[in-house]
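In what follows, a structure is listed as structure tokens, so that the remarks can point back to it.
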Amino acid sequence: VQLQASGGGLVQAGGSLRLSCAATGIIFSVSTMKWYRQAPGKQREWVATYFRSGLTTYEDSVKGRFSISRDNAKNTVYLQMNSLKPDDTGVYYCAATTVRTYWGQGTQVTVSS
């Protein structure tokens, strides 16, 4: 199983980024997909989940600004991030859960003030 995250970069506060995570070696359509992030010096924290049922959930600080979506035909999950804040800075990881959880390698997001 491989999860390839991409789309990170440097953006000014108030800007937007769209992260992608392409999965291979997994039955994507039955997987629960999640995004996490890890800020410098902090523990990794959960950001958003897209259940295979179609239900989505978000961490409180990103509600209304971030949107998780998935394309089962492309085995890809996305995280649209709008109105970015410096506190959103960190390495963003995607994770896929079936009977166990698989992690991607992360993509760096830096939001400047």
Any chance you could measure [X], atom [atom1], to [Y], atom [atom2], to the nearest 0.5 Å?
X     : Y      : atom1 : atom2 : answer
Thr98 : Ile26  : OG1   : CD1   : 4.5 Å
Arg18 : Phe66  : CZ    : CZ    : 14.5 Å
Leu79 : Tyr92  : CG    : OH    : 7.5 Å
Gln12 : Ser113 : CD    : OG    : 9.5 Å
Thr49 : Leu55  : OG1   : CG    : 8.5 Å
Thr89 : Arg37  : OG1   : CZ    : 9.0 Å

side-chain contact (heavy atoms from CB on, under 4.5 Å), that's the test. Do Leu19 and Val109 meet it? Break it down for me. CA-CA 9 Å; Leu19 306 183; Val109 172; 4.1 Å; yes
Do Phe28 and Met33 pass the side-chain contact (heavy atoms from CB on, under 4.5 Å) test, and can you show the C-alpha distance, the side-chain angles, and the key distance before you say yes or no? CA-CA 9 Å; Phe28 185 80; Met33 301 300 298; 3.7 Å; yes
Taking atom [atom1] as the centre, does [X] end up with more than 12 heavy-atom neighbours from other residues, nucleotides or ligands that are less than 6.0 angstrom away?
X     : atom1 : result
Gln2  : CD    : no
Leu10 : CG    : yes
Arg52 : CZ    : no

Minimum-distance pair of heavy atoms, taken over all atoms of [X] and [Y]:
X      : Y      : value
Gln108 : Thr110 : NE2-OG1, 3.3 Å
Asn82  : Gln80  : OD1-NE2, 2.9 Å
Ala95  : Thr101 : CB-CG2, 3.9 Å
Cys21  : Leu3   : SG-CB, 3.9 Å

Report yes or no: does Gln105 contribute a side-chain atom to a donor-acceptor pair with the main-chain N or O of Ala5 at less than 3.5 Å?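 Yes; at least one donor-acceptor contact below 3.5 Å.
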Give the other cluster members for Trp46, using side-chain heavy-atom distances under 4.5 Å between Ile, Leu, Val, Met, Phe, Trp and Tyr residues; answer none if it is isolated.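 In the cluster with Trp46 are Tyr36, Val91, Tyr93, Trp103.
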Linked hydrophobic residues, Val99 as query - side chain contacts closer than 4.5 Å: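 Besides Val99, the hydrophobic cluster comprises nothing; the residue is isolated.
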Evaluate Asp88 against Met81 for side-chain contact (heavy atoms from CB on, under 4.5 Å), listing each step before the verdict. CA-CA 9 Å; Asp88 296 318; Met81 306 186 295; over 6 Å; no
Please, which pairs that meet side-chain hydrogen bond (donor to acceptor under 3.5 Å, both in side chains) have at least one residue in residues 20-32, sequence neighbours excluded?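 Those involving residues 20-32 do not exist here.
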hydrophobic_cluster_shared for Tyr50 and Tyr78, side chain cutoff 4.5 Å: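 In one cluster: no.
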